[in-house]
Number of protein chains: 2
Amino acid sequence: MVPKNNQEPLLNKDCPLRQVINIIGDKWTLPVLYVLTQGTKRYSELQREIPGISKKMLTQTLRKLESDKILRRKVYPVVPPKTEYNLTTFGDKLIEPLCVLADWAEAHQDELQMICDRRNQSK
Amino acid sequence: MVPKNNQEPLLNKDCPLRQVINIIGDKWTLPVLYVLTQGTKRYSELQREIPGISKKMLTQTLRKLESDKILRRKVYPVVPPKTEYNLTTFGDKLIEPLCVLADWAEAHQDELQMICDRRNQSK
DNA sequence: ATTTTTGGGAACCATTAGGTAACTATAGTA
DNA sequence: TACTATAGTTACCTAATGGTTCCCAAAAAT
């Protein structure tokens, strides 16, 4: 009898945790999600509220999250264009465990900053 | 991720949460950390227990985590070489909030798998 | 008549991440 | 004598990520 492939869920590079990290790990995904926790936003609002993001990256990030069904995109056929974005219920649920990590990160802000500084210095 | 005060520690691309993601977001970091939660491991043990990792990536991942003080590297001056790795207390602490995310990810395994499948399909 | 507004798309480039293969040293073993 | 085990290093290549700049339409405002 072949042993059941009960692979450790945290071991390999396709584990669920890794999948989450892949989904939200892009440079601009967290800022976008964060702004959307404040409610429905238009494209231009997102761009204004996320310092440094370019149109290309904003569009790219939004489209990816839309196809992941983490957010919803609603286009109004008017001119000039109007598009609204808001989190799906799945997006809302995803936010919760991220908050835990975010709280930990805030609590360890100084250590994290030191790590990042050390990395930038050694480059 | 819920706004707490007038600060915006989760908004910009250098926020603490983003810093954590940067630190543990590399392809092989989570598998390495996971194996090390089982205790001290030698280089060859890590390589055996992490399917698919190459020597180059294992070394690279370990060195980065060492300079981040997430793990400790102990070299025995013998031949053939012997090197042991284990988590620091900071590494141990880092694991905890990641477990919360990992638990959520496991609970939503199916949805996550669908997202990843859809992404791979559209490529 | 011209500019502004909005939500993009397309082309192009630079940087980074990650993968493969070959090479290293030295003691012990067959 | 040749081979194995260990813990790497190096050079080279490709793919993915992210950034910049320019282009678009059509109505409204100046």
Side-chain angles (χ1 to χ4, degrees), chain A residues 12-14 18-19 21-32 35-36 40-68 71-86 116 119-123, chain B residues 12-14 18-19 21-32 35-36 40-68 71-86 116 119-123:
Chain A
N12 72 79
K13 61 189 191 324
D14 295 322
R18 182 109 279 287
Q19 291 180 331
I21 302 291
N22 279 342
I23 290 168
I24 57 87
D26 299 297
K27 184 166 179 181
W28 298 105
T29 296
L30 290 174
V32 166
V35 172
L36 287 180
T40 298
K41 296 281 176 179
R42 295 186 59 175
Y43 183 93
S44 53
E45 291 178 295
L46 285 161
Q47 196 177 6
R48 261 193 301 277
E49 294 178 34
I50 301 171
I53 197 168
S54 67
K55 288 163 164 240
K56 177 193 164 188
M57 291 314 296
L58 180 54
T59 301
Q60 200 174 103
T61 304
L62 289 169
R63 290 297 153 85
K64 200 168 280 186
L65 290 173
E66 185 198 4
S67 95
D68 293 344
L71 57 77
R72 215 174 287 115
R73 176 167 174 262
K74 189 169 182 185
V75 181
Y76 296 85
V78 295
V79 76
K82 176 176 176 180
T83 316
E84 281 180 352
Y85 296 90
N86 64 305
C116 294
R119 286 194 175 190
N120 292 331
Q121 187 188 355
S122 71
K123 273 193 302 195
Chain B
N12 72 80
K13 61 186 191 324
D14 296 322
R18 183 109 279 287
Q19 291 180 330
I21 301 291
N22 279 343
I23 290 168
I24 56 88
D26 299 297
K27 183 165 179 182
W28 297 104
T29 297
L30 290 175
V32 166
V35 172
L36 287 181
T40 298
K41 296 280 177 179
R42 294 185 60 174
Y43 183 92
S44 54
E45 291 178 296
L46 285 160
Q47 197 178 5
R48 261 192 301 277
E49 295 177 35
I50 301 170
I53 196 168
S54 68
K55 288 161 166 246
K56 177 193 163 189
M57 291 314 295
L58 179 54
T59 301
Q60 199 174 103
T61 305
L62 289 168
R63 291 295 153 85
K64 200 169 280 186
L65 290 173
E66 185 197 5
S67 96
D68 293 344
L71 58 77
R72 216 173 287 114
R73 177 167 173 261
K74 189 169 182 186
V75 181
Y76 296 85
V78 295
V79 75
K82 176 177 177 180
T83 315
E84 283 180 351
Y85 296 90
N86 65 305
C116 293
R119 286 195 175 191
N120 292 330
Q121 188 189 354
S122 70
K123 273 192 301 192

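Chain letters run A, B, ... following the sequence lines, proteins first and then strands; every chain starts at 1. The basis for the numbers below is simple: all heavy atoms, side chains too, and nothing from hydrogens, waters or symmetry mates.
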Q.
Looking at A/R42, I'd like to know whether one of its side-chain N or O atoms comes within less than 4.0 Å of OP1 or OP2 on C/dT6.
A. no
(Q) Using whole Å, what does the distance between atom C1' of nucleotide C/dG19 and atom CD1 of B/I50 come to? (A) 16 Å
Q: Determine: side-chain N/O of A/R48 to OP1/OP2 of C/dT5, distance under 4.0 Å, yes or no.
A: no
Q: Please determine if a side-chain N or O atom of A/R63 lies less than 4.0 Å away from the OP1 or OP2 oxygen of C/dG9.
A: yes
Q: Look at all strands and tell whether B/Y76 reaches a base, only sugar-phosphate, or nothing, counting heavy atoms closer than 4.0 Å.
A: nothing
Q: Could you give me the CA-CA distance, side-chain angles and deciding distance for B/T61 and B/D26, then say whether side chain to side chain contact (heavy atoms under 4.5 Å, CB included) is met?
A: CA-CA 8 Å; B/T61 305; B/D26 299 297; 5.7 Å; no
Q: Go through the structure and list residues passing side chain to side chain donor-acceptor pair (under 3.5 Å) with A/R73, not counting sequence neighbours.
A: A/Y85
Q: Figure out the CD/P separation between B/E45 and D/dG8, and round it to whole Å.
A: 13 Å
Q: Can you tell me the distance, in whole Å, between the CD atom of A/E84 and the P atom of C/dG8?
A: 12 Å
Q | Short side-chain N/O contact to D/dT9 OP1/OP2 from B/Y43, under 4.0 Å | A | no
**Q.** Proximal nucleotide (of C/dG9, D/dG18, C/dG7) relative to the A/K82 side chain
**A.** C/dG7
Q) Rounded to the nearest Å, what distance is computed from the CD1 atom of residue A/I53 to the P atom of nucleotide C/dG7? A) 14 Å
Q. CG of A/L46 versus C1' of C/dG8: gap in Å, rounded?
A. 14 Å
Q: Send over the distance from B/L62 CG to D/dT9 C1', rounded to a whole Å.
A: 15 Å
**Q.** A/L58 CG to C/dT6 C1', straight-line distance once rounded to whole Å
**A.** 12 Å
Q. Once you round it to whole Å, what is the distance between C1' of C/dT6 and CD of A/Q47?
A. 10 Å
**Q.** Contact letters for nucleotides 20-29 of chain C, in which S counts primed atoms plus P, OP1 and OP2 and B counts the base, heavy atoms under 4.0 Å
**A.** B-----BS--
(Q) Quick check: do A/D68 and B/R119 have side-chain heavy atoms less than 4.5 Å from each other? (A) yes
Q.
Among D/dA7, D/dG19, C/dG18, which nucleotide has an atom closest to any side-chain atom of B/K27?
A. C/dG18
Q) Does a side-chain heavy-atom distance below 4.5 Å link B/L36 with B/L46? A) yes
Q. Any donor-acceptor pair under 3.5 Å linking the side chain of A/R18 with the backbone of B/G25?
A. yes
Q. Below 4.0 angstrom from OP1 or OP2 of D/dA7, is there any side-chain N or O of B/S44?
A. yes
(Q) Considering only residues two or more places apart or on different chains, which pairs with a residue in residues 44-60 of chain B satisfy salt bridge (charged side-chain N to carboxylate O under 4.0 Å, His left out)? (A) B/K41-B/E49
